[in-house]
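Below, chains carry the letters A, B, ... as their sequence lines are ordered, and counting in each starts from 1.
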Number of protein chains: 2
Amino acid sequence: MNNKISKNSIRRLIRYRTVLQRFQNMGLGKVFSDNLAEALDIKASQVRKDFSLFNLTGNKRGGYVIGDLLEKITNIIGKNRTYNTIIIGAGNLGKALLQYTGFEKEDIKIKAAFDIDPAETHKQYSTPVLPMENLHSFIQENDIEIAILTTPALAAQRVMDLLVKANIKGVLNFAPIRLKAPKEIFINNVNLLQELENIIFFIKEKKEKIAVI
Amino acid sequence: MNNKISKNSIRRLIRYRTVLQRFQNMGLGKVFSDNLAEALDIKASQVRKDFSLFNLTGNKRGGYVIGDLLEKITNIIGKNRTYNTIIIGAGNLGKALLQYTGFEKEDIKIKAAFDIDPAETHKQYSTPVLPMENLHSFIQENDIEIAILTTPALAAQRVMDLLVKANIKGVLNFAPIRLKAPKEIFINNVNLLQELENIIFFIKEKKEKIAVI
DNA sequence: CTGATTTTGTTATTCATTTCACAATAACTC
DNA sequence: GAGTTATTGTGAAATGAATAACAAAATCAG
């Protein structure tokens with residue numbers, strides 16, 4: 001295999017899994033590239049191309065066995081073990097994510113949140129909110145690999161530097177700045193304002209009839 | 001201009017603006033494509049290409065005047081007027097977004113939130129939380145163009161159908177399903193679990209040395 | 001068992017995006 | 001003000017991603 005794997009194909013892989021789980025829950029045992037393509041609103045050849053990239057094979061004329069696919073995809077994505085995670089910044093978004101139940105069942109364990117505000121650190125949540133001083137040792141002692149960053153933009157780079165020192169492996173960054181870090185640390189940026197502005201551009205464009213692909 | 005504008009170039013345009021604002025706040029008056037490229041970690045030629053796409057011009061050897069650029073970009077993105085917005089689903093995420101202050105200053109006005117749970121609709125926030133029954137009339141009467149969808153996946157399509165009927169123009173969807181809607185409604189999906197799984201893939205890959213571009 | 005049919009897996013093709021390369025030109029130097 | 005330098009703007013080249021096309025294989029029908 002000398003093919004490169006793009007970010008997009010991984011995004012699709014994750015979506016295939018979601019759809020396959022739904023199919024499985026509906027009692028289906030097999031799928032065709034066709035079915036998956038329809039569910040994701042892409043072409044069947046794209047599905048097969050992706051599968052070939054990840055060595056996911058099916059049977060000619062018989063399609064793919066959902067159970068097998070799910071097992072292999074889950075393996076590829078890396079969900080056969082748990083990933084210990086922390087949240088940094090217990091503001092509105094941080095607190096919302098603390099209480100978000102969608103992560104747990106996917107073997108992403110949120111072990112703690114951190115905040116500079118001592119008031120936050122004393123409130124009771126089911127997951128502890130700790131003062132920033134404990135960050136480094138907590139990461140070390142609890143085998144934390146991923147940090148979710150929900151601090152204000154101004155604090156974000158400072159926190160990132162601490163995370164680098166503590167050997168974090170991946171960061172989900174909600175702060176609206178580009179974090180600097182060694183390239184072996186994987187950073188995924190989510191910028192909510194940007195997503196809204198994107199919508200604004202497109203609903204605005206419509207009126208003015210500028211070609212948008 | 002017979003060039004097509006891609007989603008990515010708009011994403012970058014929004015990022016240029018953020019960076020330019022920061023530069024302006026630092027007291028700078030001019031930039032070169034170089035500076036912007038470095039800030040966004042892309043190539044200078046990409047910056048110039050984008051600018052040419054949007055007819056953003058500078059001066060040879062003199063670079064670009066930040067004030068001018070900002071004005072033009074803001075105009076292109078569509079921020080010269082306010083965009084009325086609602087949040088549907090007053091769960092953790094919905095409530096967090098209700099209290100998020102980052103939108104206000106950007107002329108995105110969150111006019112109300114909606115929830116089926118009457119308990120939520122009686123709590124006091126600075127923005128009203130209303131029962132779902134009011135959705136249609138509220139959208140009509142308050143000139144709402146954008147909806148932020150934070151309901152559970154199961155409810156999301158049903159809500160989407162209501163939004164379509166009420167003539168919404170754009171949706172920011174946090175529910176982890178692919179919404180069906182007429183294509184003239186612009187839908188932007190944000191899937192937090194997927195973003196985390198993406199990180200997991202990449203931090204896992206590192207060990208196994210599979211080529212990733 | 002033979003032929004028709006379906007569906008995969010992969011190679012070729014098309015389409016889109018990014019990067020390069022360089023002419024044009026504005027600004028600077030002396 | 002002549003020459004040098006820096007920087008834009010864009011057409012061409014390179015790279016990357018999506019789609020189409022089709023041979024090979026599995027299944028089905030009779």
* Structure fact -> Quick note, salt bridge (charged side-chain N to carboxylate O under 4.0 Å, His left out) partners involving residues 48-74 of chain B, not counting sequence neighbours, are B:Arg12-B:Asp50
* Structure fact -> Whole-Å distance, B:Ile5 CD1 to C:dT17 P, equals 11 Å
* C:dT8 P sits how many Å from A:Asn55 CG, rounded? -> 16 Å
* Take atom CG of A:Leu53 and atom C1' of C:dT8, then tell me their distance rounded to the nearest Å. => 16 Å
* Could you state the CG-P distance from A:Leu36 to C:dT7, rounded to the nearest angstrom? -> 13 Å
Give me, pair by pair, the N or O atoms of the protein and of nucleotides 10-15 of chain D that are less than 3.5 Å apart, along with how far apart they are.
unit_1, atom_1, unit_2, atom_2, d
D:dA12, N6, B:Lys49, NZ, 3.3

* Asked: Mind checking whether A:Phe51 and A:Tyr16 have parallel, tilted or perpendicular rings, split at 30° and 60°?
  -> perpendicular
* With the threshold set at 4.0 Å, does a side-chain nitrogen-carboxylate oxygen contact exist between B:Glu145 and B:Arg81? -> yes
* **Nucleotide C:dT18, atom C1' - distance to CG of B:Asp41 in whole Å** => 14 Å
* Between A:Gln46 and A:Asn59, name the one whose nearest nucleotide on DNA chain D is closer to the 5' end. => A:Gln46
* To do: Given side-chain contact (heavy atoms from CB on, under 4.5 Å), test B:Tyr83 with B:Asp107 step by step and report yes or no.
  => CA-CA 6 Å; B:Tyr83 287 84; B:Asp107 285 334; 5.7 Å; no
* Asked: With respect to the side chain of B:Arg61, which nucleotide from D:dT5, D:dT8, D:dA18 is positioned closest?
  -> D:dT5
* To do: Select base, sugar-phosphate, or nothing to describe what A:Thr57 touches, counting heavy atoms under 4.0 Å on all strands.
  => sugar-phosphate
* Asked: Within the structure shown, what part of the strands sits under 4.0 Å from A:Phe51 by heavy-atom distance: base, sugar-phosphate, or nothing?
  -> nothing
* Determine: side-chain N/O of B:Tyr64 to OP1/OP2 of D:dG9, distance under 4.0 Å, yes or no. => yes
